[in-house]
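I have placed the structure first, in the form of structure tokens, so that the comments after it can refer back to it.
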Amino acid sequence: MEKPNDSSKTKLEDFALIEAALAGDEVAAGTIRCPETNAKLEAVLRNRGASDTEAKDITADLWTDCFDSREGRRPLLEKFSGKGSLNAFLTRTALNRLIDYKRRQKFRGELPASQNMDQPGDAFDSLPGEDSPGDSEDRLVGLLRDAMLAAFSRIDPEKLVVLKLVKVHGLDQELAGRMWNWSQSKVSRNISAVMEEIRDATMSELKRIDPWLELRWEDFVGLCKQSSDLFS
Amino acid sequence: MTNEIDILDRFLQTFSPEVGGRSSETLTSEMETKLKQLSAGQLPDKERSEVSRELLTNQNAVNFLLNQLDG
């Protein structure tokens, strides 16, 4: 009999936990909402630029939405697809909410004073064009994509295509050099230089879009990989 | 070692296919000629930019070029 690998075993455990928790099993709910996961979520948010209060508030709201079905919305946990772990799902959702929160905060700061005196959660939240919190799940993908597209648009297409032919399509550097009449060492230098350009331009664009966001290049690449794994 | 550009490319193909190289527009005979020239290292400098843009957005162009190199 084929044994499930660690990943599929974890997913089965995640689904079983969610099902039990949503059916009212307090132990299952407590396992999902354990102090360790709570602390981890808060830490991720703080590391990405949230204040301590913001991290605690966003995490607390997230837990509420995980289990509650208010105002006709489904519990958040019902949206867990099984692609990736439950912890990854919770972390992404928390990050999406942080992005959403910070952008609303910035938008609120830009409103005229007469419109800026309302309390959070009132008419401000229903301004035309504002999504409900339940619709905020893909903010992260949008941010990563916009930053990368802006970065790529600044790169010389010739240099970018040589990089892709070699690194994505596996073309030999010497062969690429022959097509462009470049030496192999020039191809190699070009690849390193373009990767650096992409890295710098992407990070600069991220700062332009969301100046509060604390993200290293390694985090950016990791989130891109996770996003592709989750949604493709 | 992680191939970062591979990860970024896959991301763009998933979330921005129109610029991720997933377009499958038919190649014009003029573009095929230019790709053949490129594969032979004979494409004039001034035409490389246009061909590069095609290669970045049209998977058919990449496949055609790679086939030329295989042949």
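Quick note on labels: first sequence line is chain A, next is B, and so on, each numbered from 1. Values in this document were obtained by computation on a predicted structure and should not be read as measured data.
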**Report entry** Spatial distance of atom OG (B:Ser16) from atom CG (A:Leu144) [nearest 0.5 Å]
**Finding:** 12.5 Å

Report task. Can you establish whether the number of heavy atoms outside A:Glu174 located under 6.0 Å from its atom CD is more than 12? Result -> no

Query raised in the report: If you round to the nearest 0.5 Å, how far is CG of B:Leu69 from CG of A:Leu171?
Result: 6.0 Å

**Report entry** Straight-line distance of B:Glu4 CD to A:Glu218 CD, nearest 0.5 Å
**Finding:** 7.5 Å

**Report entry** Residue-level interface, residues 191-201 of chain A with chain B, non-hydrogen cut-off under 4.5 Å
**Finding:** A:Met195, A:Ile198, A:Arg199

Query raised in the report: Is chain B contacted by the side chain of A:Asp156, its backbone, both, or neither, given a heavy-atom distance below 4.5 Å?
Result: neither

**Report entry** A:Trp180/B:Ser52 under side chain to side chain contact (heavy atoms under 4.5 Å, CB included): CA gap, chis, key distance, verdict
**Finding:** CA-CA 11 Å; A:Trp180 262 263; B:Ser52 294; 3.8 Å; yes

Query - B:Leu12 and A:Phe152, any side-chain heavy atoms less than 4.5 Å apart - result: yes

Report task. Report the C-alpha distance between B:Leu65 and A:Leu165 in whole Å, list the side-chain angles of each, state the deciding distance to 0.1 Å, and finish with yes or no for side chain to side chain contact (heavy atoms under 4.5 Å, CB included). Result -> CA-CA 10 Å; B:Leu65 179 67; A:Leu165 284 172; 4.0 Å; yes

Requested in this report: Grab the two heavy atoms, one from B:Ile7 and one from A:Cys224, that are nearest each other, plus how far apart they are.
Outcome: CG2-CB, 4.1 Å

Query - Residue A:Leu175 versus chain B: region with a heavy atom under 4.5 Å - result: side chain

Query raised in the report: Do A:Leu223 and B:Phe11 have side chains that get closer than 4.5 Å, going by heavy atoms?
Result: no

Query raised in the report: For B:Val51, is it the side chain, the backbone, both, or neither that has a heavy atom closer than 4.5 Å to a heavy atom of chain A?
Result: neither

Query - From B:Leu38 atom CG to A:Arg178 atom CZ, the distance as rounded to the nearest 0.5 Å - result: 13.0 Å

**Report entry** Inter-residue atom distance B:Gln37.CD - A:Met179.CE, 0.5 Å rounding
**Finding:** 13.5 Å

Query - Beyond-backbone contact of B:Asn63 with A:His169, side-chain heavy atoms, under 4.5 angstrom - result: no

Query raised in the report: Between B:Leu43 and chain A, which part of the residue has a heavy atom less than 4.5 Å away: side chain, backbone, both or neither?
Result: neither

Query raised in the report: Are any non-hydrogen side-chain atoms of A:Asn181 and B:Arg48 less than 4.5 angstrom apart?
Result: yes

**Report entry** Full working for salt bridge (Lys or Arg N to Asp or Glu O under 4.0 Å) between A:Asp229 and B:Arg10
**Finding:** CA-CA 10 Å; A:Asp229 290 344; B:Arg10 185 171 160 236; 2.9 Å; yes

Report task. Measure the shortest side-chain to side-chain distance between B:Asp9 and A:Lys167 over non-hydrogen atoms and say whether it is less than 4.5 angstrom. Result -> no

